Amino acid sequence: MARTLRHFIGGRMIEGTSGAFGDVFNPATGEVAASVPLASPDEVRGAIAAAEAAFPAWAGTTPLRRARVMFRFKDLIEQHLDELARLVTDEHGKVLEDARGSVTRGLEVVEFACGIPHLLKGEFTENVGTAIDSWSVRQPLGVCAGITPFNFPVMVPLWMVPVALACGNTFVLKPSEKVPSAALKLAELAKEAGVPDGVFNVVNGAREAVETLLADPRIASVSFVGSEPVARHVYETGCAHGKRVQALAGAKNHMIVMPDADFDLATDGLMGAAYGSAGERCMAVSVAVAVGKAGDALMDRLVPRVQGLKVGPGTDPSSEMGPLVTAQHLEKVSGYVDLGVREGADLVVDGRGLKLQGYENGFYIGGCLFDNVTTEMKIYRDEIFGPVLSVVRVPDFETALRITNDHPFGNGAALFTRDGDAAREFSSRVAAGMVGINVPIPVPMAFHSFGGWKQSIYGDHYMHGPEGVRFFTKLKTITSRWPTGIRAGAEYTMPVSR
Ligand code: NAD
């Protein structure tokens, strides 16, 4: 029997009343595991009302007390790490160890948020003018909304929620309807940690719920992570409604391999980055740019490794790669492999049509590897978001850098080389937000900030780290003097420092 999920509003689980439900699958078996309510506009407005009512008291709670709640939240996530990881694997499909890693990366943002008293300290100048002092503080925005994708059911909500809450905001999260259970668990843990009712709400739903959040005047900011067309729509619509918006979008991350690289290191890097999590990562490497003789050296190593990838259910400890998230997504990814063949790329390893004994209805595809991909091909231009690696061969470093920079996406990029000059040049000139030197998935830690360039982001603020604190607060600068200070009389000219 499939479970029926609920919303979490005002500190309690609430049944959906819209009558609309979506199926949540177990991708390993293809079975429907749960039924998720899709909120009506009224239900979304109910969540916003709960968050609005909770805002004044939470914003008035001292940063130190909010931090103490975050410390308890951190403890509880640690205690429930295996359970959260299992929820991720059950609905997303990724292997358990990878799911654990992703929960840990989310936990680290909670750890970062525990330092909020320090982060909100502000700046002070004594004597901006004689006996006049000035200081800047950062204050919360109000009710913040988050809209998250399917591929990181715990980590991406935790890129937003801990920082927003620690800054004194209240929050309405609309998780992906494909993987909703983990967000509900996080809301329960937050309540247990002492987050007051209404401060953190989870409303399940799809497009209609998102549109309601974007249009409601009580929502101060929108944090979005998902595909490029939706990110652009969320950014444009949210901004048109006067909101602060950060919308992180799709990717096509290039990894350049120079002829002097350590090819074994590069091959290991590519295997993990292209096929880990079945390629369903915004920091996945989906293009290997092989410079000169690196092409043959890489292919010699890659082909047997991709052929030998262990694909299986995420709960099997011997699996290196799990299934894709839905049958629909499997069809899309297989369709791109078909297209690559029609476009003339060399499909060296074909993972299509994989059937696993005992899991015949699971959404599996094996690793796919294309050689001789060119930049005009659609499989090169589009984000496929599956275990499909395209190898593009180029003659030199300048060509490799140019094609990387010409691609519309600029989330991450990596260079494998032993040449310090090339590495320095690459770091300086590459048009990407997150750069790896002999590191294939350079995801910044929680105390740095996460975000790409070009069409991989809409909006100016990255997530978590210092950028997250800036996004979730408004700056206020106060200038003050006391009557005992100097009296200049009425001043009709622009005040200057005296
Ligand atoms: P998606 O865009 O389909 O969905 C993201 C969210 O938007 C979900 O909550 C969904 O319900 C909602 N949504 C979907 N269609 C909508 C519409 N038409 N109008 C309003 N809301 C809509 O993305 P996904 O398939 O869940 O996630 C995969 C995508 O996310 C990939 O493109 C990946 O690169 C991207 N991603 C980016 C980052 C990053 O940091 N840049 C991180 C993770 C994932």
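Note that the coordinates shown come from a computational prediction; the quantities given were computed from them, not determined experimentally. Just follow the structure's listing: the first ligand is 1, and inside any ligand the first atom is 1.
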Close-contact set for ligand 1 against [X] heavy atoms, below 4.0 Å:
{"X": "L248", "answer": "39 (C), 40 (O), 41 (N)"}
{"X": "N411", "answer": "41 (N)"}
{"X": "S176", "answer": "9 (O)"}
{"X": "I147", "answer": "6 (C), 7 (O), 9 (O)"}

Have a look at ligand 1 and work out which part of [X], if any, has a heavy atom under 4.0 Å from it: side chain, backbone, both or neither.
{"X": "E383", "result": "side chain"}
{"X": "E177", "result": "side chain"}
{"X": "N151", "result": "side chain"}

Based purely on interatomic distance, does F150 place a nitrogen or oxygen under 3.5 Å from a nitrogen or oxygen of ligand 1? yes
Taking the six-membered ring for Trp, are the ring centroids of Y380 and H407 within less than 6.0 Å of each other?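 Yes: the rings meet the under 6.0 Å criterion.
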Verify the ring-centre separation between F385 and Y336: is it less than 6.0 angstrom?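 Ring centres of F385 and Y336 not closer than 6.0 Å.
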Has G452 got any heavy atom lying under 4.0 angstrom from an atom of ligand 1? no
With a 4.0 Å cut-off, strictly under, does atom 19 (N) of ligand 1 pick up any protein heavy atom?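 There is a protein heavy atom less than 4.0 Å from atom 19 (N) of ligand 1.
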Pick, from [options], the option with the minimum heavy-atom distance to [atom].
{"atom": "atom 23 (O) of ligand 1", "options": "A206, A284, S227", "result": "S227"}
{"atom": "atom 33 (C) of ligand 1", "options": "F409, W159, F385", "result": "F385"}
{"atom": "atom 5 (C) of ligand 1", "options": "V225, T326, V230, T237", "result": "V225"}

If the threshold is 4.0 Å, N to carboxylate O, is there a salt bridge linking R3 and E91?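 The answer is yes: the pair qualifies as a salt bridge.
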Using residues 271-284 as the side-chain source, report each donor-acceptor pair under 3.5 Å to any protein atom, sequence neighbours left out, with the distance given to one decimal.
{"residue": "Y275", "atom": "OH", "partner": "C368", "partner atom": "O", "Å": "2.9"}
{"residue": "S277", "atom": "OG", "partner": "D98", "partner atom": "OD2", "Å": "3.4"}
{"residue": "E280", "atom": "OE1", "partner": "H92", "partner atom": "NE2", "Å": "3.2"}
{"residue": "E280", "atom": "OE2", "partner": "V325", "partner atom": "N", "Å": "3.1"}
{"residue": "R281", "atom": "NH1", "partner": "G272", "partner atom": "O", "Å": "3.3"}
{"residue": "R281", "atom": "NH2", "partner": "D98", "partner atom": "OD1", "Å": "3.1"}

